[in-house]
Amino acid sequence: MNLLGLLLALELSEGGNDSELARRLQRREPQAMADLYDRYGRLAYSLIYAVVRDTGVAEDLVQETFLRIWNRVNGFDPDRGALGPWLLAVARNRAIDYIRSARARMDRNLLDLDFFERAEHGRPSNFVDMEREVLHADSARRIQAAMAKLNQNQHKVIELAYYEGLSQTEMAERLGQPLGTVKTWVRTALKHLKDELGGAVMTA
Amino acid sequence: MTCDELMDDYGTYALGALDGAALDELREHLGRQCENCTAGIREAEGLVARMALVVKPADAPKRLRKRVMALADPHAGGSRWTRALVFVTVLCVFLAVHSVFFWMRHEAMHREFNVFWAKYTQQQSEVARLNETLALLEDPAAKEVTFGKGARGRVVISPKHGVAFSGQNLAALAPGKTYEMWIIPKGGKPVPAGTFEPSVDGSALHVQAGPVDVASMAAVAVSIEKEGGVASPTADQIIIVAPVGQ
């Protein structure tokens, strides 16, 4: 188990009330931004750095992430939304966008550069009615345990998708495998993770 | 495609890996607010959000917090122009304070210099007067006349340097009064030769500098007059008369 990851999760679990923090952001309280950063800044930076592998770029993207949250928080429902997962989705989208753009500069044949920008990912509405404790310490332990149980192929496709932003087609090309095989690996990996986590990621 | 057919792709979609026809189909469902697909996607987003917890932690630089805070409060960290303005303002205040400080110091030094210069000038005058007195007393051509009874002393008359009066036992003066020396020419009116005040022991040295015609002088007298001196001696106030004679 990644103990540092666990500590991160513990920090998050002690972070207090996300709903109230979201309301303060909506009231444009500057201190709320500081509190948001104190609660999720390190995790966002770690996630972005894991994708881009450049400290300077990671700093810029973290700043962009928090700016996006600040600018779009009024579309967020503090009573139903999950602030942390939304922020992390935005952070990952910024990072994946960056590496896809960088990759496109080297490969002009790569299309759909702004997939994440055009897609629905990162919308605040995607994070309503989500379990509020998604980022708790127990979640960290369970997701780490679940990831450890994935086989090599499943682990590889999850990493390629999560850290490099590759689509199924791109992964098939990268791995030299049929598209159907890659789709199966991705689906079974995600199903395995969902099952390991108990499938309870909704409050309903 | 039906929702049941798409549900296996919710996770792939949330992961950002879905492409092709399945992606178009799912977007179409989400675009028409399909409840099943919307709920399934939210669930999958929660799963993907958890994946951040397996990321190897990295320490963000401390300056990043300031950068993020500046997004919400641009004045907190201060923009480049704000910092420049603050710097210029501080510099101006610094220069102003130093200017006032150096101006006050200059004024104080100027006052000290004036006091020093006044003392220097006064001392120079004293030295000049003493030199004149010394030259007068040492003039071989000078004539000395003594006087006595009560106030006593002597008068030295130098044709070249003037008249020196040295007296002792001079009475203390009443307020508003002064001693005034007179040079009395033969057959002429007394000429004022300066005022003076004795020291506390009753002695006084008074010099009227400038060449004098000893041959035309009949006497040197001293009277008590009102402060500032008068043009003609008050007859009943003449206390000393030193006849020069021949």
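Chain A is the first sequence line, chain B the second, and so forth, proteins listed ahead of strands; every chain is numbered from 1.
- Listed here is the closest heavy atom pair of B/Pro61 and A/Tyr37: O-OH, 4.3 Å.
- Looking only at side-chain heavy atoms (C-beta outward), A/Glu59 and B/Arg63 come within less than 4.5 Å of each other.
- Within the 4.5 Å cutoff, no side-chain heavy atoms of A/Pro30 are placed close to those of B/Met69.
- Ranked by non-hydrogen atom pairs under 4.5 Å with chain B, the options A/Met33, A/Gln168, A/Arg28, A/Lys191 are led by A/Gln168.
- Proximity of B/Arg65 to A/Asp38: side-chain heavy atoms (C-beta onward) are separated by under 4.5 Å at one or more points.
- Nearest heavy atom pair, residue B/Arg50 against residue A/Ile143, reads O-CG2, 3.6 Å.
- Shortest non-hydrogen contact noted between A/Ser46 and B/Val55 is O-CG1, 3.3 Å.
- Taking all atoms of both residues into account, the shortest heavy-atom contact from A/Tyr45 to B/Asp59 is CE2-O, 3.5 Å.
- Electrostatic pairing of B/Arg67 and A/Asp60 counts as a salt bridge here, judged by a charged N lying under 4.0 Å from a carboxylate O.
- By the neighbour-count criterion of 12 heavy atoms within 6.0 Å, atom CZ of A/Arg27 is densely surrounded, having more than that number from other residues, nucleotides or ligands.
- Here A/Lys183 does not pair with B/Asp8 in a salt bridge; the nearest charged N to carboxylate O distance is not below 4.0 Å.
- Of all heavy-atom pairs between A/Leu166 and B/Ala17, the closest is O-CB, 3.6 Å.
- Contact annotation: the side chain of B/Leu71 approaches that of A/Phe66 to within less than 4.5 Å [non-hydrogen atoms, C-beta and beyond].
- The local environment of CD in A/Gln152 is sparse, with at most 12 non-hydrogen atoms from other residues, nucleotides or ligands closer than 6.0 Å.
- Nearest heavy atoms, A/Tyr162 versus B/Leu15: CD1-CD1, 4.0 Å.
- By the neighbour-count criterion of 12 heavy atoms within 6.0 Å, atom CD of B/Glu35 is sparsely surrounded, having that number or fewer from other residues, nucleotides or ligands.
- Considering only heavy atoms from C-beta on, A/Leu36 stays 4.5 Å or farther from B/Val68 through its side chain.
- When side chains are defined from C-beta on, B/Met51 counts as touching A/Ile158, because their heavy atoms get closer than 4.5 Å.
- Atom CG of residue B/Asp19 and atom OG1 of residue A/Thr169 lie 3.5 Å apart, to the nearest 0.5 angstrom.
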